[in-house]
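Some notes on the structure that comes next.
These figures come from a predicted structure and were not determined experimentally. Only heavy atoms go into these numbers, but all of them, side chains included; no hydrogens, no water, no symmetry mates.
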Amino acid sequence: MLNRAIVEGTALAVLALAVLFLWVREQRKARPESDGGYTTREEIEFEIGRIQSELYRWLTTTDHRDIGLLYIAFGTAAGLWGGTDAMMLRTELLTPPADIWTPETYNALFTTHGLTMLIFFVLPVFFGIGNYVLPLLIGADDMAFPRVNAVGFWLLPPALILVRMGLMIQVLGQVLNLVLPADAIRFFLTMREVSVGWTLYAPLSVQQPNPQIDLLLLGLHLSGIATTVGAINFITTIVYERGEGVSWANLDIFSWNMLVTSGIALFAFPLLGSALVMLLLDRNLGTAFFATEGGGAILWQHLFWFWGHPEVYILFLPATGLMSLILPKFVGRRLFGYQFIVYSTLGLGVLSFGVWAHHMFTTSADPRVKLSFMAVSIAIAVPSAIKVFNWITTMWEGDIRLTAPFILCAGGIGTFIIGGVTGVFLAVIPVDILYHGTYYVVGHFHLIVVSIIPFLMIAASYYWYPLITGRWYDTRMARFQALLIVFGSFVTFMTLLVIGGLGLPRRQAIYPPEYQFAQQIATVGGYVIGLSALLWLYNMLVSYWRGTPVTTTDPWGLKATNQFTREWQWFEQRMMDKYDMEPTEPETTRRSYAPEAEPTGLAGGVGNVAQTVSRNAWMAAAGGFVGTVLMSGGLITAILIGVLDPVSFGEIAELVGLPATPAVGAVLFLVGGTVTWPLLFLAFSDYLPGRLLFETGLVFATLISSGFAIAFYTGQSGLGFVGYLAFVLVSHWAYGIGLTVTFQYLKSDEALRTRTDGGG
């Protein structure tokens with residue numbers, strides 16, 4: 001068995017020394033000696049004085065950009081530490097028996113890995129990005145409370161030390177043991193990292209004597225205070241510090257997401273703090289909050305997950321905000337459906353507090369309560385899906401530039417779709433009971449928190465690197481790194497989904513030998529992720545000194561698509577003031593979709609939601625009715641010749657809680673065909689292939705026919721199955737033709753009447 005303290009301490013020390021070596025070497029290269037290479041005593045003293053001055057500035061700064069960089073540096077360091085835990089976990093899983101670490105060490109690794117990544121990596125990095133760019137995006141001079149902002153950050157380092165103190169004391173104890181007897185340093189030799197799991201479930205977290213648990217609880221409480229302080233600052237800044245001309249209607253999408261994220265944190269983290277204090281009291285003062293005679297162990301689960309599930313959205317929403325902000329810049333189109341994305345973000349903020357109990361479907365909670373939480377858990381997929389549809393539609397027919405940020409955005413959409421869909425299955429009680437405690441949960445969860453979230457963090461670092469440093473990073477290495485991390489994530493977490501689907505339990509150091517090959521594949525994928533993270537770090541550090549200086553005020557050519565947003569306007573002004581640059585003007589301006597200005601749309605334009613629905617409703621109803629009538633002819637024929645079973649209509653009615661009769665289902669089908677699908681067609685018709693309305697209608701009908709074919713399939717086989725698919729397709733084409741011909745007629749008729757009225 002290897003010694004975890006020595007291995008992890010050595011790995012972190014090597015990493016820190018490598019970063020220090022790069023920093024010293026590149027700094028010396030950037031400032032060559034003028035006398036042939038000899039460093040004088042005066043120069044050394046000057047350098048020490050400069051370092052002291054810089055250190056004092058960074059320790060006392062209240063500037064939002066400095067605080068932002070401190071947050072990012074801290075979060076990156078914590079992420080590398082937590083990532084080292086993950087690499088050690090995957091190393092243990094290379095072989096079925098626990099022959100590299102002990103099972104207790106394995107338990108400690110996944111405990112500290114989870115807490116470090118969720119609490120000290122993701123949120124600090126997003127707070128750092130928010131601190132740096134959010135005031136620039138909204139036209140504010142600084143955060144609303146600059147000193148409170150600094151205090152919020154400086155609470156985090158001691159919090160991390162308290163949480164991870166077990167490892168540090170263990171390393172110190174083993175070093176001291178080289179020169180001191182074991183009896184004299186018994187405290188240092190008995191201290192261990194916490195190994196009760198990152199969820200800290202009672203009664204194990206109450207009864208385990210390890211004093212490091214108390215330090216960990218104090219550290220988590222301190223981090224909760226820091227997060228709450230930061231959240232208040234973001235909310236106040238966005239509400240009260242917006243610049244002239246920045247209203248709620250044109251507030252950038254990243255600020256919207258940071259606002260909702262901060263709102264969730266404001267309610268979630270104080271509750272976590274209260275639960276942690278109760279756990280501390282149970283451990284040290286004999287109270288019975290989580291004892292059988294008191295609230296019981298289930299009370300801890302309720303309190304923990306009331307924080308824990310909103311925490312997922314606290315981590316996820318800033319990533320979606322970055323996606324919505326960065327993706328349009330590299331496809332040459334404005335974000336499609338800005339209002340829908342804002343509404344979906346608000347919806348996620350509210351619903352995130354209504355799904356905590358789906359983490360306890362395997363407990364003895366009342367089945368009726370479980371059922372209500374299952375419904376809400378499934379419903380939360382709707383606002384998430386709205387975001388995905390809007391991102392895909394933004395890319396549709398876009399002028400895509402294959403840069404590292406775009407690769408990461410596209411990869412993030414792919415991993416999020418898989419992670420989101422597999423999450424919907426877990427929201428269903430029977431499926432959750434089946435897969436609870438398996439690697440399926442690990443795969444689903446990590447496809448979101450390890451894929452889209454770090455992807456967008458890295459995409460943001462590339463996108464704003466010229467703005468922050470005034471230099472370019474190595475773009476070829478960045479593209480390679482982006483592809484590498486997307487590839488590694490898919491390999492690792494798709495493999496975990498598969499072995500979880502086969503029933504392999506998680507959180508166990510020992511596993512059956514038949515899963516060894518799959519675990520080795522996942523581990524290789526994990527190493528690829530780790531390698532890509534180191535490549536990113538190297539690129540960021542070295543490019544700071546050796547990157548090509550930016551020589552334009554519009555590094556990404558955003559003016560050409562009318563997306564030269566406020567932070568880049570600030571950058572342009574800075575370059576003009578500092579380097580006397582002339583503003584860069586594009587040679588040509590490409591057409592960029594702007595919902596508020598163009599195009600006119602099929603039914604006369606796209607305004608706000610209420611205007612669009614009221615304008616389009618009568619056309620949708622007419623077109624949908626004609627299309628559904630035409631379609632019904634084909635479906636009725638299919639029923640008569642026996643290739644479509646009418647029982648499937650009854651299942652539609654049953655799905656929404658009505659009697660499972662074909663008649664009721666057919667009525668619902670007609671209502672959907674008359675109302676829902678025509679409205680969707682009106683919304684998306686400009687983004688479907690086809691130069692003529694007729695062609696676009698056929699494409700739309702073909703797409704929706706696939707969903708119909710799956711939903712209404714009732715076991716047909718052979719020629720019956722072929723006939724079923726043929727009638728489904730033909731019926732939908734009839735629907736599409738009826739829809740578009742009606743729209744074309746109504747549109748031309750309306751235009752004729754308008755000309756007639758105008759001509760008097």
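- Proximity of L346 to V350: side-chain heavy atoms (C-beta onward) are nowhere separated by under 4.5 Å.
- Partners of T261 under the side chain to side chain donor-acceptor pair (under 3.5 Å) rule, at least two apart in sequence or in another chain, do not exist in this structure.
- In this structure, the side chains of V528 and V491 stay at 4.5 Å or more apart for every pair of heavy atoms.
- Using modelled atom types, no side-chain atom of S324 and backbone atom of G321 make a donor-acceptor pair closer than 3.5 Å.
- Looking at K387, its side chain never comes within 3.5 Å of a backbone N or O of P383 through a donor-acceptor pair.
- Within the structure, the salt bridge (Lys or Arg N to Asp or Glu O under 4.0 Å) test picks out the following pairs touching residues 347-366 (sequence neighbours left out): D366-R368.
- When all heavy atoms of A518 and I499 are compared, the pair lying nearest together is CB-CG2, 3.4 Å.
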For this session: Report the C-alpha distance between F373 and I429 in whole Å, list the side-chain angles of each, state the deciding distance to 0.1 Å, and finish with yes or no for side chain to side chain contact (heavy atoms under 4.5 Å, CB included).
Result: CA-CA 9 Å; F373 279 102; I429 295 173; over 6 Å; no

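- Residues satisfying the side chain to side chain donor-acceptor pair (under 3.5 Å) test with H359, not counting sequence neighbours, are H309.
- With sequence neighbours excluded, the residues forming a side chain to side chain donor-acceptor pair (under 3.5 Å) with Y463 are W568, listed by chain and number.
- Taking the ring-ring contact (aromatic ring centres under 6.0 Å, His included) definition, one finds that F445 meets it with nothing, sequence neighbours left out.
- Aromatic ring centres of Y440 and Y435: separated by under 6.0 Å.
- Closest heavy-atom contact between A621 and T674: O-CG2, 3.5 Å.
- The shortest heavy-atom contact between F425 and V431 is O-CB, 3.3 Å.
- Screening residues 723-735 for side chain to side chain donor-acceptor pair (under 3.5 Å) gives T702-W733 as the qualifying pairs, with residues at least two apart or on separate chains.
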For this session: Please step through side chain to side chain contact (heavy atoms under 4.5 Å, CB included) for the pair F700 and T740, ending with a clear verdict.
Result: CA-CA 10 Å; F700 178 70; T740 53; over 6 Å; no

Could you give the side-chain donor-acceptor pairs of residues 409-416 under 3.5 Å, partners two or more places apart or in another chain?
residue	atom	partner	partner atom	Å
T415	OG1	G411	O	3.2
T415	OG1	G412	O	3.1

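- Under the ring-ring contact (aromatic ring centres under 6.0 Å, His included) criterion, F455 pairs with no residue at all, not counting sequence neighbours.
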Problem set entry | Candidate pair T492 and V450, rule side chain to side chain contact (heavy atoms under 4.5 Å, CB included), full reasoning | CA-CA 10 Å; T492 304; V450 181; over 6 Å; no

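- Residues passing the side chain to side chain donor-acceptor pair (under 3.5 Å) test with Q301: none are found, sequence neighbours excluded.
- Judged as a side-chain contact (heavy atoms from CB on, under 4.5 Å), and not counting sequence neighbours, the contacts of T394 are P328, V331, L335, F336.
- Looking at heavy atoms from C-beta onward, L317 lies in side-chain contact with L348 at the 4.5 angstrom threshold.
- Between the K370 side chain and the T363 main chain, a donor and an acceptor come within less than 3.5 Å of each other.
- Taking the six-membered ring where tryptophan is involved, the planes of H302 and W356 are perpendicular, since the angle between them exceeds 60° and thus also 30°.
- In this structure, T438 contributes its side chain and G503 its backbone to no donor-acceptor pair below 3.5 Å.
- Scanning for side-chain contact (heavy atoms from CB on, under 4.5 Å) contacts around V441 gives L426, R506, with sequence neighbours left out.
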List, one per line, each side-chain donor-acceptor pair under 3.5 Å for residues 622-636, sequence neighbours excluded.
residue	atom	partner	partner atom	Å
T628	OG1	G624	O	2.6
T628	OG1	G673	O	3.3
S632	OG	T628	O	2.7

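- Using a 4.5 Å heavy-atom cutoff, the side chains of T320 and W391 are in contact.
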